[in-house]
Amino acid sequence: MMAWLQMWTTGFMALAVSLTVAEDSGLPVVQESMEVGREEPQQVLLRQKREWVWNRMFVEEERPAPAPYKIGQLNSTRTAERINFVIEGEGANSIFKVDHKGDIFVTKALDREEKSLYRLTARMYDGNERLLEDAGEFIVHVTDINDNSPVFPKTYNGSIMERSKIGTKVVEVRATDADDPTTANGELRYSLMQDGDWSAFEIDPVTAMIKSKLDSLDREIRSQYVVVVKAQDTRGMPTGSTATTSVTITITDTNDNIASFAKRTYDLQIPEDKKLNEKVGTLDLVDKDEIQNKDPIFTITPPYNNMFDVELSPNKDGNLILKQALDYETRSSYSFTIHVRENSLQFPADNKDSAVTKAQINIRVVDVDEAPIFSKPIYTFNVLEERMVNNIGTVAARDPDRANKSIRYSIEDENCPIAVNPLTGQLSTLKALDRELEDTHMCQVKAQEEPSGLVSFVKVNIIVQDINDNKPELSVDEVFVCENDKEDTVIGTLQAFDKDEQQPSFTFSLTKFSTNFTLKDYGNNTADLKVVQGPFSLDESSDYNLEVFIDDGGRPSQNSVTRLTVKACRCDGRRIPTQCKTGARRMGVSVHALIAILLCILTILVIVILIVMRKRYQKNSLANMKNSGEIHEQLVTYDEEGGGEMDTNGYDVSILSSACHDGSLLRHPEFHPQPSLYAMVQKPPHHTQSAACKDDMAAMIEDKKDEADRDRDGFPFDTLHIYGYEGPESLAGSLSSLESSSSGSSLDYDFLNDWGPRFKTLAELYSVDESDCYHLY
């Protein structure tokens, strides 16, 4: 290859030299184009003045480079006495170098798998550093050698259905090789090694697809194979590199076996009270196929297929199901045959000659004590309303066992209006039934084996039938008559309704003749109220009252009389009332309302009596307290108003005059006056006796009060029988100074001076007077 490259380069350089000589001599450059058998006219072409004469070079990968070695040379159509080359690009001046002759050298070993080509550019300068050739690109290719082995990138597994045809694809097993795939170094070939189960499979050497070689793969015999795949480069030549991998191939299942009974005879025991549609036994099957591919079908020989059935269990065995009730007393054993077959076989069964497809079923019914059985699952009877019926109907139950015990009947629901005869089961009413209140009654009758055996229940529906026992009721809108209504004017349409179930045929009529109105019955359960004659006036005091007779036409017929009041109204031209006089209405009070009113009146009377008695008691207590005192000083009575200075009956003024003569009210004049415990507060300055003698009543009263306050052993001047007991019913208590504690003498009332001019007098009365302050003991 290198020799060919050099030959090609030499020829190209010779062509370049000839062109250069022609250019230097000034001769035109002529290019001839020739074809076989024909000569074309010459054509003058202009060439480019500067042009590189190379464009690619080659380097063998992994070639050692203890010293740089030459891989090519840069050539140009331009020459000079002294030339200098410069290269740039990938690996320039490091991996690749150039000398002044244009020779390219490689300085180290290259790896094609790391980088397969390098792009470089070159410039050519003369001795004066003048650019002769501008940048020209050339490529250095790294040629491949077989220095990489094949590699399997992952673990491969495959599957194939049993009994598949020859050539069925299983799995593609491909390896990779880092060498150049366009050369033999990267071309792989595949094969199966004899270390694995290669007898049943083969592999395509180029595509690496594993295929089956047999059509007799059987999962029940062998469900898994392991094959070893070898990949070799250099197109499988012995000198190529190799790699191996193991591939697991799974044989998947298909329905190719018949379900077989595990045994030929099944013996079962079933109690006679077994519930319907429940499993009574299991028929085990043997099937080598996987459960998803089992599809057995069971067939029971007639007539037992009406009494028993077979359903598939979760693991595809057969569950024997009871479809009809068993009765030991009627039949104690059953024997029949069941067949089994596969529903969807895809291939001839492997066990078709050995499978057990028929089994004998032997069933023995076990006797149990059973509850009574009623003759019907539910009973329904009709009863006329409003009547006592002794024989509504009869419920009947029996003991299904051979003992045939007697049965006792009862109804445990206390709200059931029906009674049952405990021995015969005959039903009767406990009270008259009313269809309008409840038209259907449901009760449960209990049947129990005597004396205390099993019990069972049955529902009994009692339908109450209707009789004509309700009177018709009038249904009419508000009826009014206008003052200007003329004869035959319809003022209202009457209708009626009936609570009974029977279809009524109402007839209407007036019980009394009316000169103003008449009633026309149309025979269709309606009637019109018409005007006979007027006039009608709102000023008339009498009301227009009619009594309507209604008959329902039933058997027996029921009738009623309803009072109908017609209002008189003043109407406009369209007979719309503008003013009406309401007719008199009968008002009544129910018994409950009357009792409530009487209780309210009685309660009010009791409350009034209690208040009066309390007031009288308080008055007597106050009178007793006033009469109990012995002190009768009569300065003034605070609860009554005096008559002035000329009134000598209200109080004795002579007592006050004692102050003018130095009289004293003290009970013990031999003692010097001492301040009492409640008189420690300062009183206002005393008025002189001369002032008192001048009939200054205020000064006289103040003197008496001060004299009483200074006597600690005497009573105060205010009367005992008033102040001592005044205010016992008040939250404020008594106002008397007799019960005032003397310990309060130390209280300071100077704060009253801060309350303003309105409390000035009170502050003077209770302010402390140091000159008159005495201390006891």
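- Although no hydrogens or angles enter the test, the distance criterion places a donor-acceptor pair under 3.5 Å between the side chain of Lys316 and the main chain of Lys294.
- Proximity of a side-chain donor or acceptor of Asp177 to a complementary backbone N or O of Glu187 within less than 3.5 Å is not detected.
- Separation of atoms OG (Ser159) and CD (Gln224) is listed at 11.0 Å; rounding is to 0.5 Å.
- No side-chain heavy atom of Tyr266 sits under 4.5 Å from any side-chain heavy atom of Leu320.
- More than 12 heavy-atom neighbours from other residues, nucleotides or ligands sit within 6.0 angstrom of CG on Asn343.
- The backbone N or O of Ile210 sits nowhere less than 3.5 Å from a side-chain atom of Tyr190 that would complete a donor-acceptor pair.
- For the atom pair CD1 of Ile251 and CD1 of Ile160, the computed distance is 6.0 Å after rounding to the nearest 0.5 Å.
- What you find for Ser212 and Phe201 is that their closest heavy atoms are CA-CD2, 3.9 Å.
- Residues Val170 and Val247 have side chains not in contact (no heavy-atom distance under 4.5 Å, counting atoms from C-beta outward).
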**Request:** Let me see the working for Glu311 and Lys279 under side-chain contact (heavy atoms from CB on, under 4.5 Å), right down to the final yes or no.
**Result:** CA-CA 9 Å; Glu311 295 180 355; Lys279 182 181 72 172; over 6 Å; no

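- Within the model, atoms CD1 of Ile373 and OG of Ser375 stand 11.0 Å from one another, a figure rounded to the nearest 0.5 Å.
- Note: Ile411 CD1 to Cys416 SG = 4.5 Å, rounded to the nearest 0.5 Å.
- Nearest heavy atoms, Asp295 versus Asn255: CB-ND2, 4.3 Å.
- Under a 4.0 Å N-O distance rule, the pair Asp253/Arg219 qualifies as a salt bridge.
- Between Asn148 and Ser241 the shortest side-chain heavy-atom distance does not fall below 4.5 Å.
- Applying the side chain to side chain donor-acceptor pair (under 3.5 Å) test to pairs two or more places apart or on separate chains, those with a residue in residues 442-458 are Ser406-Glu450, Arg408-Glu450, Glu412-Lys446.
- How far CD1 of Ile467 is from CZ of Arg387: 5.5 Å, rounded to the nearest 0.5 Å.
- The environment of Lys471 atom NZ is sparse: at most 12 non-hydrogen atoms of other residues, nucleotides or ligands sit within 6.0 angstrom.
- Closest non-hydrogen pair, Phe298 versus Gly318, comes out as CZ-CA, 3.8 Å.
- Side chains of Leu322 and Phe308 form a contact here, defined as non-hydrogen atoms less than 4.5 Å apart.
- Across Phe152 and Val173, no two heavy atoms sit closer than the pair CE2-CG1, 3.6 Å.
- Considering only heavy atoms from C-beta on, Ile550 comes within 4.5 Å of Val548 through its side chain.
- Looking at residues two or more places apart in sequence or on another chain, you find a side chain to side chain donor-acceptor pair (under 3.5 Å) between Asn315 and Ser313, Asp317.
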**Request:** Begin from the C-alpha positions of Asp287 and Asn257 and carry the test side chain to side chain donor-acceptor pair (under 3.5 Å) through to its verdict.
**Result:** CA-CA 6 Å; Asp287 193 338; Asn257 285 276; 5.0 Å; no

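- The CZ atom of Phe508 sits 10.5 Å away from atom CG of Asp551, with the distance rounded to the nearest 0.5 Å.
- For the residue pair Gln360 / Ser335, a side-chain donor-acceptor distance below 3.5 Å is found, with atom types taken as modelled.
- Between Tyr379 and Phe374, the ring planes are perpendicular. Angles over 60° get that label, and only those under 30° would be called parallel.
- Counting all heavy atoms, side chain and backbone alike, Tyr156 lies closest to Arg174 at OH-O, 3.0 Å.
- Contact detail for Asp466 and Leu384: the closest heavy-atom pair is O-CD2, 4.4 Å.
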**Asked** Is there a side-chain contact (heavy atoms from CB on, under 4.5 Å) between Met307 and Leu326 once you walk through the steps?
**Response** CA-CA 9 Å; Met307 193 159 192; Leu326 300 175; 3.3 Å; yes

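- When the shell of 6.0 Å around NZ of Lys376 is examined, it contains 12 or fewer heavy atoms from other residues, nucleotides or ligands.
- Asp498 has its side chain out of reach of Gln558: every pair of non-hydrogen atoms, C-beta onward, lies at least 4.5 Å apart.
- Between the side chains of Gln232 and Arg189, no donor N or O sits under 3.5 Å from an acceptor N or O.
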Name every donor-acceptor pair, under 3.5 Å, that has one atom in a side chain of residues 423-430 and the other anywhere in the protein, sequence neighbours excluded.
residue	atom	partner	partner atom	Å
Thr424	OG1	Asn421	OD1	3.4
Thr424	OG1	Gln426	N	3.4
Gln426	NE2	Asn390	O	3.1
Thr429	OG1	Val389	N	2.8
Thr429	OG1	Val389	O	3.2

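- More than 12 heavy atoms of other residues, nucleotides or ligands lie within 6.0 Å of CZ in Arg222, so this atom counts as buried by the packing criterion.
- Counting heavy atoms from C-beta on, the side chains of Asn305 and Lys323 never come closer than 4.5 Å.
- In this structure the side chain of Glu329 reaches within 4.5 angstrom of the side chain of Glu370, judged on heavy atoms.
- Under the side chain to side chain contact (heavy atoms under 4.5 Å, CB included) test applied with Ser246, the options Asn157, Val227, Val228, Val229 reduce to a single match, Val228.
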**Message:** Under the criterion side-chain contact (heavy atoms from CB on, under 4.5 Å), I'd like the reasoning laid out for Val310 against Val340: C-alpha separation, chi angles, the key distance, then a yes or no.
**Reply:** CA-CA 10 Å; Val310 180; Val340 65; over 6 Å; no

**Message:** The test is side-chain contact (heavy atoms from CB on, under 4.5 Å); show your working for Asn470 and Arg435 and say whether it passes.
**Reply:** CA-CA 11 Å; Asn470 287 277; Arg435 189 200 66 84; over 6 Å; no

